[in-house]
Amino acid sequence: MANKVGPFWVGPFCISLLHPYPIAIKHPPHKQRTLRTDLQPLHHFNILLPLPSSSHHKGNGIMVGSLALHQHLASPYHHNYLKDQNSLIQPTCLVPLHQVKSMEDFRKAHAQFLKLGLDCIPPYAGELLSACALSAWGSLDYALAIFLNLEEPRTFDYNVMIRAKVNHDQSKSALQLYKEMIERSINPDNFTFPFVLKACALLSDIRGGIQLHGHAIKLGFDEDVFIHNSLINLYGKCRKIELSYKIFELMGSNRTIASWSALLSAYNRMNFCVDCLHLFAKISCEKLKPDESSMVAALSSCSNLGLLGQGRSIHCSLLRNYPTLNIIIQTSLIDMYMKCGQPDKGMLIFDKLHEKNLWTYSAVISGLAMHNNCKKALQVFSDMLNQGLKPDEAIYVNVLSACSHAMMVEEGLKCFNQMRFDHQIKPNAQHYGCLVDLMICAGRLDEAYELIQNMPIEPTDAAWRSILSACKINGDIKLAESAYSKLEQMDAVNAGDCVILSNMYAELQRWEDAAEVRKEIVNRGLVQAPGFSQVEVKGKIHTFVSHDKSFPQSDEVQEMLYQMDWQLRFEGYATDNLRSSEGQSQKIAIAFALMNTSSVSTIRIFTNLRMCSECHKYTELISKVFERDIIVRDRRRFHHFRLGLCSCDNCW
DNA sequence: CTAGGGTTAG
């Protein structure tokens, strides 16, 4: 049954609307107008008014009301409206809002609503708000002005504004609106929570998030799938993975693919890449199909783990299932190919893209730098600037680290200044860290030290660690000690730092000092990640640790290693030099791959440590003697070995 | 009655 609303005045008319749904209209006192009861309606007409564009009457886009004419109107203007008692009157001046495509059109439409006094009447107010606040062409400020003008905003109006603020990166202010709505006793509904939870997630505001979770339960929204998914996301962003999982578990069969995606990305954030891929494989057990979002999460895990095979198979299934791929997933694919040792494949995807954003460029620039193709990285960066994209501080981290990889000191300093002065970006600790690395790579250690001491912000532990590692090579024990003590002050000492310093003492035959630092590892309860090397053979990943003999082919591999040593001796290389643990595991991985792959295929090794120079030398020679391309990803970058040479030009 | 959740480098 339709509700009758009104009567209220529209211009010279008094209108009563047969409203399709219940609405309480209260006019603010200054807008109240008395109905002239002394005048009998002359005629009744029907009138068409624009409908909220997304309502269930979408088809016509127009709402039918009845109009009673209380005054005799002679002007031709009005006659246009009132032609025939039975015909529908089309108020041509009113453009349906869903046809509005620009702020200019919107202003006109809004003016008409204002003139008719409809601007503060639900559902028009909400419709105006959501059009203006949420469309691509809209304006948050304009929407805010409309919103503030509402005497009695409703839940819907608040929801729209909260959502718009979150979209405009104003999460704090969005939460403020939520607070305001509670204070004004306007009840949040099942739509409110996903928006405000997202705001908390973006702010990593775990306390606020828990409060909201409580509110949602209290208001009885403990069955809502959208709210649950938002909660998984919230706890994931706050690194409370147990809580994310708990919600996920609780949802049982109500889980949707979005629940999985949110959980997968939570695992990724914690760097639980193996578990992430396990979960990804389980999606299909629930009769759900992995979609783009969940595949983005899985691809990111593949990138981190260097799993080319699995990354490729995700790519295939994307190509099978989607006619076009969105920019986010394309970026993930580029990143995956870059990090799994196929930069050419990554570039192929990149070159074919017609839409590129900062993240795409960022993935390519850091990928190219990783493969020691720094010139190209800078080329891509300058293309990006020519495209008119505005660089942000994150992309400058990539650009600067590309410069430091390639020892391009002047270029790096130029970029640093360009960032500060042309693009008005204040350098952060990471940028200074890159500069420090740049100086170190160029062998200007004293300048690096001067820089790190005089930089205007607190240096990161990584920057001090760079200094410490550099000392390892040039043997400056004084500098090493001061870098180490800085790390101590920051409470950021790790096992690797202790090893470096201790080895340096040992080199100087200061045995007591060496032992003292070694003891620190135990005292501080530091654990060193076990070094391993991985290689993919026939789609299966094989992982080896140093002196590994615990795998089926171990005996054959030992034989192979013996032969490899023998061959290298002809090249004048004594393999006894190679004693480091990563060297050992890498040797085994290479031997295993040489034995089990075709003689023309490229060997791809993934190791979690940094390659030492002996290991590097060894691999160079193997690539020459066995005429095999070997690509090694160590924890920082790639080395392409071919015929005795490495892409890194012996600088890493 | 209108609207909504999950996705990317360093």
Side-chain angles (χ1 to χ4, degrees), chain A residues 3 19-23 51-58 63 97-98 122-131 133-134 154-164 166 189-198 201 224-234 236-237 244 248 251 255-266 268 290-300 303-304 325-336 338-339 357-367 369-370 392-402 428-431 433-434 460 462:
Chain A
N3 295 56
H19 213 282
Y21 29 76
I23 294 169
L51 252 198
S53 55
S54 41
S55 84
H56 66 289
H57 284 100
K58 213 176 211 154
M63 180 167 71
L97 273 176
H98 65 270
Y124 300 113
E127 180 63 17
L128 282 166
L129 266 182
S130 72
L134 301 175
R154 304 158 315 136
T155 304
F156 178 78
D157 307 323
Y158 267 101
N159 289 352
V160 168
M161 289 318 291
I162 289 174
R163 188 176 159 215
V166 175
D189 62 9
N190 52 332
F191 284 88
T192 316
F193 285 103
F195 307 144
V196 278
L197 286 171
K198 186 173 181 188
D224 191 290
V225 177
F226 286 86
I227 294 177
H228 277 155
N229 290 345
S230 304
L231 284 168
I232 294 175
N233 179 245
L234 165 81
K237 288 253 160 62
S244 285
F248 179 83
M251 289 175 76
R255 290 189 282 249
T256 63
I257 189 65
S259 329
W260 285 87
S261 303
L263 189 71
L264 292 180
S265 79
N268 258 338
D291 66 346
E292 286 166 289
S293 303
S294 46
M295 291 205 240
V296 164
L299 279 172
S300 159
S303 305
N304 289 332
L325 300 177
N326 68 33
I327 178 82
I328 297 178
I329 197 136
Q330 302 261 31
T331 303
S332 304
L333 284 169
I334 293 172
D335 186 52
M336 185 276 290
M338 289 292 188
K339 289 195 178 148
N357 61 24
L358 272 188
W359 283 5
T360 324
Y361 279 104
S362 189
V364 169
I365 291 170
S366 72
M370 236 183 248
D392 65 354
E393 52 173 46
I395 205 150
Y396 265 111
V397 173
N398 293 326
V399 172
L400 290 173
S401 71
N428 62 28
Q430 276 190 59
H431 298 122
C434 290
T460 58

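Chain letters run A, B, ... following the sequence lines, proteins first and then strands; every chain starts at 1.
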Return the nearest nucleotide to the side chain of [X]; candidates are [options].
X	options	answer
A/Ser265	B/dG4, B/dT7, B/dA9	B/dT7
A/Ser293	B/dA9, B/dG5, B/dT7	B/dT7
A/Ser230	B/dT7, B/dG4, B/dG5	B/dG5

With a 4.0 Å cutoff (strictly under), does any side-chain N or O of [X] reach OP1 or OP2 of [N]?
X	N	value
A/Asn428	B/dG10	no
A/Ser300	B/dA9	yes
A/Lys237	B/dT7	yes
A/Ser130	B/dT2	no
A/Lys339	B/dG10	yes

Rounded to the nearest Å, what distance is computed from the [atom1] atom of residue [X] to the [atom2] atom of nucleotide [N]?
X	N	atom1	atom2	value
A/Asn268	B/dA9	CG	C1'	13 Å
A/Asp392	B/dG10	CG	C1'	10 Å
A/Ile365	B/dA9	CD1	P	15 Å
A/Leu400	B/dG10	CG	P	15 Å
A/Phe226	B/dA3	CZ	C1'	10 Å
A/Asn159	B/dG5	CG	C1'	14 Å
A/Tyr158	B/dT2	OH	C1'	18 Å
A/Leu264	B/dG5	CG	P	18 Å

Assign [X] to base, sugar-phosphate, or nothing according to its heavy-atom contacts below 4.0 angstrom with the strands shown.
X	answer
A/Ala394	base
A/Thr331	base
A/Asp224	base
A/Arg154	base
A/Leu263	nothing
A/Val225	base
A/Asp189	base

| task | Kindly confirm whether the side-chain ring of A/Phe156 is stacked on the base of B/dC1, judged by centres under 5.5 Å and planes under 30°. | result | no
Ignoring hydrogens and geometry, is there a side-chain-to-backbone donor-acceptor pair from [X] to [Y] under 3.5 Å?
X	Y	result
A/Ser300	A/Val296	no
A/Asp392	A/Ile395	yes
A/His431	A/Glu393	yes

| With no hydrogens and no angle check, do the side chains of A/Thr360 and A/Asn357 hold a donor and an acceptor under 3.5 Å apart? | yes
| Hey, are A/Thr192 and A/Asp189 close enough side-chain-wise for a donor-acceptor pair under 3.5 Å? | yes
| request: Ignoring hydrogens and angles, answer whether the base of B/dA9 and the side-chain atoms of A/Asn398 contain a donor-acceptor pair closer than 3.5 Å. | output: no
| Quick one: the side chain of A/Ser259 and the base of B/dG5, do they pair up donor-acceptor inside 3.5 Å? | no
| field | Residues A/Leu400, A/Gln430; criterion side chain to side chain contact (heavy atoms under 4.5 Å, CB included); working and verdict | value | CA-CA 10 Å; A/Leu400 290 173; A/Gln430 276 190 59; over 6 Å; no
